[in-house]
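What follows is a short report on a single structure.
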Amino acid sequence: MVFFWYGYSDMSIVDSTTTLDTAWTEQSFVAFTAGTLSTVSEMQTEVEDKIKRGSLSTTSSPTSTSVQRWLVRAKEELMQTKSYVFARRYAYADLTEGTYRASLPPDFAGAAWRLRDMTNDFLLIKWPAHVFDLRYPDMDEESNGDPKRCCVKGRELWVSPPVDTTTRFELEYDRSGDDNTPTDFSFLPEIERFRCCDYAIYEAMESLHDFEKAGWFRQKWEAGLRNSRGADGRKKWSDMGFRAIGIMERETTRYIQG
């Protein structure tokens, strides 16, 4: 059997209404002690000291640009392993009358999140996206009011009903390490910044074809990740009063500590 397709050489999806650029502002927070690695430039200096090739520049080998990129990648990989306070972020945005969609912050990583109406002081009820769509098949037909329910669709946050007056919402979520300012490391404790340097040194030595040293710093980085996860597990275990809700949670927490 042969099928013929007529009139379709390319298919494109164009929908200008999906162009959302919601302005999220991070809630004020107390930064960790700057220590000796308070900026990405000082972290770059730590890498320079370890690879022993003098000051790096945009034309050196490796370049300063490459080292800062590896530091950012280390931060992003580190955040994938975190499950405690350093991974949480609080940001707020103002939605205007008639609005029911917002773009998510650039470092939104999914997982655990919640949305609070700061103007009226209550948490919105989270619904799965498919349930939300069944209940509200056409949001443009809904009357404005105080949103009570919310869901995440792809990279968008939806609320229902649409906002009836400018309202401020606070989003608490797990961060991915991505950011509008990727060189921001201030939310991490200094020990985590040193771990990011270990990763950048590993990449630098690999770029120089010094694979023995690259392998050593790779092992140091991986050991740091294990210690970081273990510290997370101990903190959570302590917060629960060393009591697990169920046997699976108990065994998982013990595994993470180990």
Using every non-hydrogen atom in the two residues, find where S143 and P162 come nearest and quote the distance to one decimal. O-CD, 3.6 Å

Establish whether Y92 and L20 are linked, either directly or via other cluster members, by ILVMFWY side-chain heavy-atom contacts under 4.5 Å. no

Spatial distance of atom CZ (R116) from atom CG (L123) [nearest 0.5 Å]: 7.5 Å

Using side chain to side chain contact (heavy atoms under 4.5 Å, CB included), reason through E156 and V152 one step at a time and then give a plain yes or no. CA-CA 6 Å; E156 293 184 9; V152 165; over 6 Å; no

Between Y100 and W158, does the ring-ring contact (aromatic ring centres under 6.0 Å, His included) criterion hold? Intermediate values first, please. CA-CA 5 Å; Y100 56 84; W158 285 48; 5.4 Å; yes

From L71 atom CG to S66 atom OG, the distance as rounded to the nearest 0.5 Å: 11.0 Å

What I want to check is whether the side chains of R73 and Y199 have a donor and an acceptor closer together than 3.5 Å. yes

Answer yes or no: is there a side-chain heavy-atom contact under 4.5 Å between S64 and T58? yes

Please evaluate residues T99 and E97 with respect to the criterion side chain to side chain contact (heavy atoms under 4.5 Å, CB included), reporting the C-alpha separation (whole Å), side-chain torsions for both, the decisive distance (0.1 Å), and the verdict. CA-CA 6 Å; T99 303; E97 181 181 354; over 6 Å; no

W221 with F211, same ILVMFWY side-chain cluster at under 4.5 Å: no

Show your working on salt bridge (charged side-chain N to carboxylate O under 4.0 Å, His left out) between E26 and R89 and close with a plain yes or no. CA-CA 8 Å; E26 185 168 24; R89 196 176 200 185; 3.0 Å; yes

Note, S57 side chain near T63 side chain (heavy atom, < 4.5 Å): no

Donor-acceptor pair, distance only, cut-off 3.5 Å: does the side chain of D107 make one with the backbone of A109? no

Taking T22 for its side chain and S103 for its backbone only, find out whether a donor-acceptor pair lies under 3.5 Å. yes

Atom pair CZ (R149) and CD1 (I125), whose distance is rounded to the nearest 0.5 Å: 5.5 Å

Cation over ring, K75 on F185, under 6.0 Å and within 45°? yes

Taking every non-hydrogen atom, the tightest pair across L56 and P62: CD2-O, 3.4 Å

Please name the pair of heavy atoms, one in T36 and one in E42, separated by the smallest distance, quoted to 0.1 Å. O-OE1, 3.3 Å

Under 3.5 Å donor-acceptor, K148 side chain and D146 backbone: yes

R114 CZ: over 12 foreign heavy atoms closer than 6.0 Å: no

Looking only at non-hydrogen atoms, find the nearest pair between C197 and L37 and report the distance. SG-CD1, 4.1 Å

Which atom pair, heavy atoms only, marks the closest approach of I201 to K50? CD1-CG, 3.3 Å

Test: R175 cationic atom under 6.0 Å from F187 six-membered ring centre, within 45° of axis: yes

Measure up the W127 and Y136 rings against each other and bin them: parallel (under 30°), tilted (30 to 60°), perpendicular (over 60°). parallel

Among Y90, W24, F108, whose ring pair (Phe, Tyr, Trp, His ring centres under 6.0 Å) with Y173 holds? F108

Would you confirm whether R195, through its side chain, and E190, through its main-chain N or O, come within 3.5 Å as a donor-acceptor pair? no

State which residues pass side chain to side chain contact (heavy atoms under 4.5 Å, CB included) with D117; sequence neighbours excluded, sorted by chain then number. T119, N120, F122, L124, T167, F169

Tell me whether M118 shares a hydrophobic cluster with W113, the cluster being built from Ile, Leu, Val, Met, Phe, Trp, Tyr side chains joined at under 4.5 Å. no

Could you walk me through whether M43 and C196 pass the side chain to side chain contact (heavy atoms under 4.5 Å, CB included) check? CA-CA 8 Å; M43 295 173 72; C196 290; 3.9 Å; yes

Go through the steps for Q44 and E48 under the test side-chain hydrogen bond (donor to acceptor under 3.5 Å, both in side chains), then give the verdict. CA-CA 6 Å; Q44 176 183 310; E48 292 172 349; 3.2 Å; yes

Nearest 0.5 Å please: distance from the CD1 atom of I51 over to the OG atom of S60. 7.5 Å

Chi angles and distances behind the ring-ring contact (aromatic ring centres under 6.0 Å, His included) call for F132, H130: CA-CA 5 Å; F132 191 96; H130 70 280; over 10 Å; no

Between S228 and E192, is there a side-chain donor-acceptor contact under 3.5 Å, judged purely by atom types and distance? yes

For T183 and Q68, run side chain to side chain contact (heavy atoms under 4.5 Å, CB included): C-alpha distance rounded to whole Å, both residues' side-chain angles, the deciding distance at 0.1 Å, then the answer. CA-CA 8 Å; T183 55; Q68 292 197 18; 3.9 Å; yes

Atom CE of M139 and atom OG of S160: how far apart are they, to the nearest 0.5 Å? 4.0 Å

Nearest-0.5 Å distance that lies between atom CD in E222 and atom CZ in R218: 4.5 Å

The side-chain contact (heavy atoms from CB on, under 4.5 Å) partner of P147 among D164, V163, L95 is V163

